[in-house]
Amino acid sequence: MLALAVFGSRRAFAAGAPGLTTHMLDTASGKPAEGVRIDFSVLDADSYRLIRTVHTNADGRNAEPLLTPETMKVGRYELVFYIGEYYTKLGTVLPDPPFLEKAVIQFGIADATSHYHVPLLATPWSYTTYRGS
């Protein structure tokens, strides 16, 4: 297993280390989805509270893990991928309103010592997700 390396105050995230990562693949083009806005929230009492907003890089991934070994906690979380916005920026002709504006994924983390990866495979007409590695 790779180890965590420290670069100044930032940590490089090792595959398989406890934490949470995500990415989006544009299955309509067969490429990573760059520049997708993703809101990351945690269920706090009875509503989701925004933790932060990230954007995917050229590889379709967020640059840093959403949760690290130090911040990983058991709980319920939500990822909101703004796929309508993404396809509009690409110049894709969409109906008004778009069939899919957002992909909302609500999921639970039951083991804070594990790695959770929540990818999204999307087109303007469909999306799917799974617990990845």
Side-chain angles (χ1 to χ4, degrees):
M1 181 193 293
L2 297 174
L4 290 175
V6 177
F7 299 103
S9 63
R10 296 177 58 180
R11 291 184 171 269
F13 197 69
L20 173 65
T21 55
T22 190
H23 77 273
M24 180 174 151
L25 295 175
D26 177 349
T27 52
S29 70
K31 297 179 181 178
E34 181 177 6
V36 178
R37 177 170 49 128
I38 305 169
D39 288 341
F40 174 54
S41 302
V42 62
L43 186 62
D44 192 359
D46 61 350
S47 62
Y48 283 93
R49 176 179 48 82
L50 182 67
I51 296 173
R52 67 180 164 147
T53 299
V54 298
H55 291 82
T56 57
N57 62 20
D59 195 32
R61 300 176 184 279
N62 54 304
E64 296 182 8
L66 296 169
L67 294 173
T68 64
E70 296 80 20
T71 60
M72 194 69 174
K73 293 182 182 171
V74 170
R76 296 184 187 278
Y77 296 89
E78 178 180 79
L79 292 169
V80 178
F81 293 79
Y82 290 81
I83 59 176
E85 180 180 281
Y86 164 76
Y87 282 107
T88 298
K89 284 192 293 187
L90 286 181
T92 305
V93 177
L94 300 174
D96 186 17
F99 179 68
L100 294 174
E101 185 66 38
K102 300 173 187 171
V104 179
I105 303 169
Q106 295 177 339
F107 61 98
I109 291 179
D111 181 0
T113 65
S114 290
H115 179 77
Y116 285 73
H117 183 69
V118 183
L120 182 74
L121 310 176
T123 76
W125 311 105
S126 65
Y127 68 88
T128 189
T129 190
Y130 55 94
R131 181 176 174 190
S133 57

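By convention here, the first residue in the shown sequence is residue 1.
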Qualifying residues under salt bridge (Lys or Arg N to Asp or Glu O under 4.0 Å), relative to R76, sequence neighbours excluded: none

With sequence neighbours left out, what residues match D111 under salt bridge (Lys or Arg N to Asp or Glu O under 4.0 Å)? none

Please list, chain by chain and in numerical order, all residues satisfying side chain to side chain donor-acceptor pair (under 3.5 Å) with [X], sequence neighbours excluded.
X   : value
R52 : none
N62 : none
S29 : D26

Residues G132 and P119: closest non-hydrogen pair is N-CD, 4.0 Å

Taking all atoms of both residues into account, what is the closest heavy-atom pair of P18 and A112, and its distance? CB-O, 3.8 Å

Are L25 and Y82 connected in the hydrophobic side-chain network, where two residues link if heavy atoms are under 4.5 Å apart? no

Please identify each residue that fulfils ring-ring contact (aromatic ring centres under 6.0 Å, His included) with Y86, with sequence neighbours left out. none

Backbone of [Y] reached by a side-chain donor or acceptor of [X] within 3.5 Å:
X   : Y   : value
T71 : L67 : no
T56 : V36 : yes
N57 : D59 : yes

Throw together a table of side-chain donor-acceptor distances under 3.5 angstrom for residues 90-109, partners on residues two or more places apart or in other chains.
unit_1, atom_1, unit_2, atom_2, d
T92, OG1, Y87, O, 3.3
Q106, NE2, E78, OE2, 2.8

Calculate, to the nearest 0.5 Å, the distance between atoms [atom1] and [atom2] belonging to [X] and [Y] respectively.
X   : Y   : atom1 : atom2 : answer
L79 : L20 : CG    : CG    : 6.0 Å
I51 : L66 : CD1   : CG    : 8.5 Å
F81 : D39 : CZ    : CG    : 10.5 Å

Could you tell me if the side chain of [Y] sits less than 4.5 Å from the side chain of [X], heavy atoms only?
X    : Y   : answer
M24  : I83 : yes
L120 : T22 : no
L50  : S41 : yes

Residue pairs passing the salt bridge (charged side-chain N to carboxylate O under 4.0 Å, His left out) test where at least one lies in residues 81-91, sequence neighbours excluded: R37-E85

Apart from V74 itself, which Ile, Leu, Val, Met, Phe, Trp or Tyr residues share its cluster (side-chain heavy atoms under 4.5 Å, direct or through members)? none

For residues 22-72, pull every pair meeting ring pair (Phe, Tyr, Trp, His ring centres under 6.0 Å), keeping only residues two or more places apart or in separate chains. H23-H117, F40-Y77

Once side chain to side chain contact (heavy atoms under 4.5 Å, CB included) is applied, do any residues pair with E34, and if so which ones, sequence neighbours excluded? A58

Per the side chain to side chain donor-acceptor pair (under 3.5 Å) rule, what does the pair list look like for residues 124-133, sequence neighbours excluded? T123-S126

After noting the C-alpha distance and the side-chain angles of T113 and M72, does the key distance pass the side-chain contact (heavy atoms from CB on, under 4.5 Å) rule? CA-CA 8 Å; T113 65; M72 194 69 174; over 6 Å; no

